[in-house]
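Let me give you the structure first, and then I'll get to my questions.
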There are 4 protein chains.
Amino acid sequence: MRTDARRNVEALLEAAKTVFSTAGVDAPAKEITDLAGVGVGTLYRHFPQRSDLIKAVIEREIDACADAAPALAAAHEPGIALARWLDRFTAFVATKRGFAAALHSGDPTFDGLPGYLMQKLGPALESLLDAATASGEVQARISAQDLLYAVAKLCAPMPNEEPEYGRRMVALLVDGLRSGESPH
Amino acid sequence: MRTDARRNVEALLEAAKTVFSTAGVDAPAKEITDLAGVGVGTLYRHFPQRSDLIKAVIEREIDACADAAPALAAAHEPGIALARWLDRFTAFVATKRGFAAALHSGDPTFDGLPGYLMQKLGPALESLLDAATASGEVQARISAQDLLYAVAKLCAPMPNEEPEYGRRMVALLVDGLRSGESPH
Amino acid sequence: MRTDARRNVEALLEAAKTVFSTAGVDAPAKEITDLAGVGVGTLYRHFPQRSDLIKAVIEREIDACADAAPALAAAHEPGIALARWLDRFTAFVATKRGFAAALHSGDPTFDGLPGYLMQKLGPALESLLDAATASGEVQARISAQDLLYAVAKLCAPMPNEEPEYGRRMVALLVDGLRSGESPH
Amino acid sequence: MRTDARRNVEALLEAAKTVFSTAGVDAPAKEITDLAGVGVGTLYRHFPQRSDLIKAVIEREIDACADAAPALAAAHEPGIALARWLDRFTAFVATKRGFAAALHSGDPTFDGLPGYLMQKLGPALESLLDAATASGEVQARISAQDLLYAVAKLCAPMPNEEPEYGRRMVALLVDGLRSGESPH
DNA sequence: TATGAATGAGGGTTCATTCAT
DNA sequence: GATGAATGAACCCTCATTCAT
């Protein structure tokens with residue numbers, strides 16, 4: 001890939017990341033290209049579908065999330081490792097306005113996004129849940145997908161919301177996993 | 001108010017309720033007026049702001065939710081009463097696509113919605129939480145507002161989501177309230 | 001229909017007729033609405049599909065063409081009547097740039113156009129052909145549809161073409177019908 | 001000209017011929033360059049104007065048409081020779097969607113195309129017409145240009161048209177030339 | 001008061017043409 | 001010379017809101 005093209009792609013990804021966190025993943029294409037300093041045609045060349053852009057923007061951060069799991073598992077008790085990793089994922093989701101909606105949209109534009117998320121983060125979270133369950137710190141009554149989606153929804157950033165809200169709610173959810181009682 | 005005007009308002013509220021649960025609170029105005037069998041002008045006459053319509057549609061259901069609390073408190077143990085009431089609220093939220101986003105939008109269009117919600121449901125939920133705390137069934141470490149918003153987010157209906165997802169997650173959250181451990 | 005709406009529809013049809021003869025049936029919608037002095041929304045309200053507009057523009061003229069047949073048949077020898085009617089149709093086609101292409105486009109936008117044309121003009125032309133054949137003035141070796149389409153193609157107006165070209169060619173074609181020889 | 005440049009020109013001409021017959025002479029440039037396996041820049045280098053490409057694509061075929069006339073004149077009666085040559089020209093036009101429109105477009109892009117056509121094919125057709133007129137088989141009441149353009153229009157390929165349509169119409173036109181009556 | 005026609009800004013997408021590599 | 005990335009004007013269409021009837 002040519003250097004100028006690479007530069008533009010980078011600029012678009014950076015701009016999209018910023019705009020997504022401000023105006024959501026449905027933000028006008030023009031807003032992104034203006035911030036990136038390129039023409040709209042350049043956006044459509046590199047990302048013919050909106051989901052291609054979303055996927056690309058999210059990809060690197062998802063990968064970083066997945067990569068963080070082994071180190072946390074090695075450094076902490078299983079229950080703590082799980083909590084810390086969810087903190088990590090929470091921080092990621094908190095900058096992706098519209099992410100939860102995109103996951104469930106049913107819009108063909110966003111096909112592939114749920115699959116990508118589960119493929120990358122499902123195994124990492126499952127191993128953390130398994131370890132915490134084995135050690136007795138958690139009663140695993142939730143699937144990795146349910147938990148990821150719950151965090152995605154709870155931590156979906158809202159313009160008028162205090163920043164710590166999502167973390168508090170996820171902590172409460174994890175407490176629910178610890179309790180020995182069955183759900184109603 | 002003339003009877004025909006009253007009839008139109010009723011038709012609009014009923015139509016809006018249906019459309020909101022199908023296409024979200026951002027649905028085109030035309031969709032609502034067509035279903036109600038009135039012209040768009042009639043919608044704008046009675047509900048100059050979109051939020052006026054949303055508020056009116058939600059009002060009666062919110063009131064019904066609030067009214068359900070005393071009966072549940074009288075008929076069940078405090079912890080059970082709390083869980084049942086949250087089920088009730090969950091069912092309400094599940095039909096209000098876009099409701100959680102509207103609560104936090106910051107868009108002046110939706111001013112007044114959060115205040116109305118808290119004014120009506122805050123006291124009802126607080127008394128349930130207080131009773132459950134007093135009986136030792138719950139370690140109340142969450143405000144009524146936090147909990148209402150958490151349910152609103154978790155149960156926000158998504159096109160491609162299994163129907164029972166929201167209830168499972170809320171049950172898990174309630175379990176978190178029962179556990180004696182402190183959040184991280 | 002309200003008088004203002006009727007006035008706009010008339011203005012749109014008049015504008016479309018003018019623009020079609022200048023820039024073809026694929027002309028930008030804006031060009032038509034500007035000439036009509038209305039907003040684009042008004043065009044889309046009355047003619048959701050481009051073909052709806054084309055059909056409406058052509059309709060009245062097609063009907064007039066069809067209506068002319070009986071009078072010509074009564075006033076002239078069959079062969080002459082046929083030639084005169086084709087002159088009439090030629091004059092109509094000469095103002096409809098892109099009309100022939102629309103007839104065969106295969107574009108779903110133009111579905112219904114060939115059917116409408118044949119339904120309205122087919123019978124009129126067939127009766128003229130039948131009469132001319134019966135009187136021996138013509139060897140009917142062509143279907144009404146073939147002939148209509150031939151005229152549509154031959155008389156399709158072109159910016160740089162002398163005005164009388166189409167009429168000369170149609171006259172030649174009619175001579176072909178008169179000749180007793182069979183085609184190769 | 002370098003051999004690679006020559007090769008690219010050939011590839012472009014071949015690709016353009018194919019695309020023209022499929023999608024018309026207004027087809028996107030990219031379609032042509034992709035089929036040719038070259039970049040768009042190469043197209044614009046060799047054919048700065050769209051008409052340059054069209055002209056070049058058509059040139060060889062026009063020349064072949066012109067060259068066919070003497071052989072046909074030698075092998076057949078004048079009338080037959082004329083018909084056969086028109087068949088030849090018909091086959092050529094049938095693969096050049098948009099060709100007739102380009103001839104009359106008035107668009108400076110297509111300047112030179114009508115002149116080239118007449119310069120090459122006019123004499124060939126005139127000599128055939130002259131011979132047929134001299135032998136009495138044809139009452140030549142049409143100029144070579146009129147006839148060429150009539151065939152170009154009648155045989156302009158349309159997506160939804162039966163393949164034999166053009167030939168039938170041209171045959172009818174030639175019958176018109178045979179008839180001794182005068183046009184109206 | 002009710003209606004629904006009209007407006008036009010706004011967002012999506014394509015593609016001819018230029019120009020950096 | 002060849003390449004194909006970038007540009008941005010141009011067109012399409014939708015829908016919130018206003019206002020004539």
Side-chain angles (χ1 to χ4, degrees), chain A residues 1-9 11-12 26-34 36-46 48-50 109, chain B residues 1-9 11-12 26-34 36-46 48-50 109, chain C residues 1-9 11-12 26-31 33-34 36-46 48-50 109, chain D residues 1-9 11-12 26-34 36-50 109:
Chain A
M1 176 175 265
R2 265 163 52 175
T3 49
D4 55 345
R6 165 57 42 198
R7 193 166 47 240
N8 280 335
V9 168
L12 280 168
D26 294 323
K30 191 87 193 331
E31 203 171 319
I32 296 170
T33 57
D34 281 356
V38 303
V40 282
T42 305
L43 172 61
Y44 283 94
R45 165 178 289 271
H46 295 295
Q49 303 294 325
R50 172 61 62 119
T109 317
Chain B
M1 178 176 265
R2 272 163 44 176
T3 46
D4 56 344
R6 164 55 43 198
R7 195 166 47 240
N8 281 337
V9 167
L12 280 168
D26 295 324
K30 189 93 199 321
E31 206 169 317
I32 295 169
T33 58
D34 281 357
V38 304
V40 281
T42 305
L43 171 62
Y44 280 90
R45 161 174 293 272
H46 295 296
Q49 304 293 323
R50 168 64 65 119
T109 316
Chain C
M1 177 174 264
R2 268 162 49 175
T3 50
D4 57 343
R6 164 58 42 201
R7 192 165 48 239
N8 280 334
V9 167
L12 279 168
D26 294 324
K30 190 88 194 332
E31 202 170 321
T33 59
D34 281 357
V38 303
V40 282
T42 304
L43 172 61
Y44 283 96
R45 164 179 289 271
H46 295 294
Q49 303 293 325
R50 172 61 63 121
T109 315
Chain D
M1 178 176 268
R2 272 162 45 173
T3 46
D4 56 344
R6 165 55 44 200
R7 194 166 48 237
N8 281 336
V9 168
L12 279 167
D26 294 323
K30 187 94 200 319
E31 207 170 317
I32 297 169
T33 58
D34 280 357
V38 304
V40 280
T42 305
L43 170 62
Y44 280 90
R45 163 172 292 270
H46 296 294
F47 306 99
Q49 304 293 325
R50 170 63 66 118
T109 317

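Note that the structure is a prediction, hence the values are computed from the model and not measured. We name chains A, B, ... by the order of the sequence lines, and we start the count at 1 in each one.
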Query raised in the report: To the nearest Å, how far apart are A/His46 NE2 and E/dT13 P?
Result: 17 Å

Query raised in the report: Starting at the 5' end of DNA chain E and moving along, which residue's nearest nucleotide shows up first, B/Arg45 or C/Val9?
Result: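 Result of the comparison: B/Arg45.
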
Requested in this report: To the nearest 0.5 angstrom, please state how far the CZ atom of A/Arg50 sits from the OH atom of A/Tyr44.
Outcome: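 If we round to the nearest 0.5 Å, A/Arg50:CZ and A/Tyr44:OH are 7.0 Å apart.
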
Query - Set of side-chain contact (heavy atoms from CB on, under 4.5 Å) partners for A/Asp34, sequence neighbours left out - result: A/Lys30

Requested in this report: Going 5' to 3' through nucleotides 15-21 of chain E, assign each nucleotide B (protein heavy atom under 4.0 Å from a base atom), S (under 4.0 Å only from sugar-phosphate atoms) or - (no protein heavy atom that close).
Outcome: -SBB-B-

Requested in this report: Rounded off to whole Å, could you give me the CG-to-P distance for the D/Asp34 and F/dA5 pair?
Outcome: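 Answer to the nearest Å: 11 Å.
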
Query - For atom CG of C/Leu43 and atom C1' of E/dA5, their distance in whole Å - result: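 Rounding to the nearest Å, CG of C/Leu43 and C1' of E/dA5 are 14 Å apart.
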
Requested in this report: Using the test salt bridge (Lys or Arg N to Asp or Glu O under 4.0 Å), find all partners of A/Arg2 that sit at least two apart in sequence or belong to another chain.
Outcome: A/Asp4

Report task. Can you run through DNA chain E from 5' to 3' and write each base as (, ), [, ], | or . depending on how it pairs? Watson-Crick or G-U wobble, both distances under 3.5 Å. Result -> .||||||||||||||||||||

Query raised in the report: Could you give the CD-to-P distance, from C/Glu31 to F/dC13, as a whole number of Å?
Result: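 Value for this atom pair: 16 Å.
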
Report task. Whole angstrom is fine here: how far is it from CG in C/Asn8 over to P in E/dG4? Result ->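 From C/Asn8 CG to E/dG4 P: 17 Å.
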
Query raised in the report: Does A/Ala11 have any side-chain contact (heavy atoms from CB on, under 4.5 Å) partners at least two apart in sequence or in another chain, and if so, which?
Result: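 Expected list: A/Ala36.
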
Report task. Can you tell me the distance, in whole Å, between the CG atom of B/Leu12 and the C1' atom of E/dT3? Result ->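 Taking CG of B/Leu12 and C1' of E/dT3, I get 13 Å after rounding.
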
**Report entry** Distance test, side-chain N/O of A/Thr42 to OP1/OP2 of F/dA5, below 4.0 Å
**Finding:**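 Result: no.
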
Report summary line: Across all chains, not counting sequence neighbours, the side-chain contact (heavy atoms from CB on, under 4.5 Å) partners of D/Arg45 are none

Requested in this report: Check B/Gly39 against B/Thr33 and note the closest heavy-atom contact, atom names and distance.
Outcome: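 Closest approach of B/Gly39 to B/Thr33: O-CG2, 3.9 Å.
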
**Report entry** Where D/Glu31 and D/Ala27 come nearest, the two heavy atoms and their spacing
**Finding:** OE1-CB, 4.5 Å

Query raised in the report: What heavy-atom pair brings D/Val38 and D/Asn8 nearest, and what distance separates the two atoms?
Result: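 Heavy atoms only, the tightest pair is CG1-OD1, 3.3 Å.
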
Requested in this report: Report the residue (D/Val38 or A/Gly37) whose heavy-atom-nearest nucleotide on DNA chain F is the more 5′ of the two.
Outcome: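 Per heavy-atom nearest nucleotide, the more 5' residue is D/Val38.
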
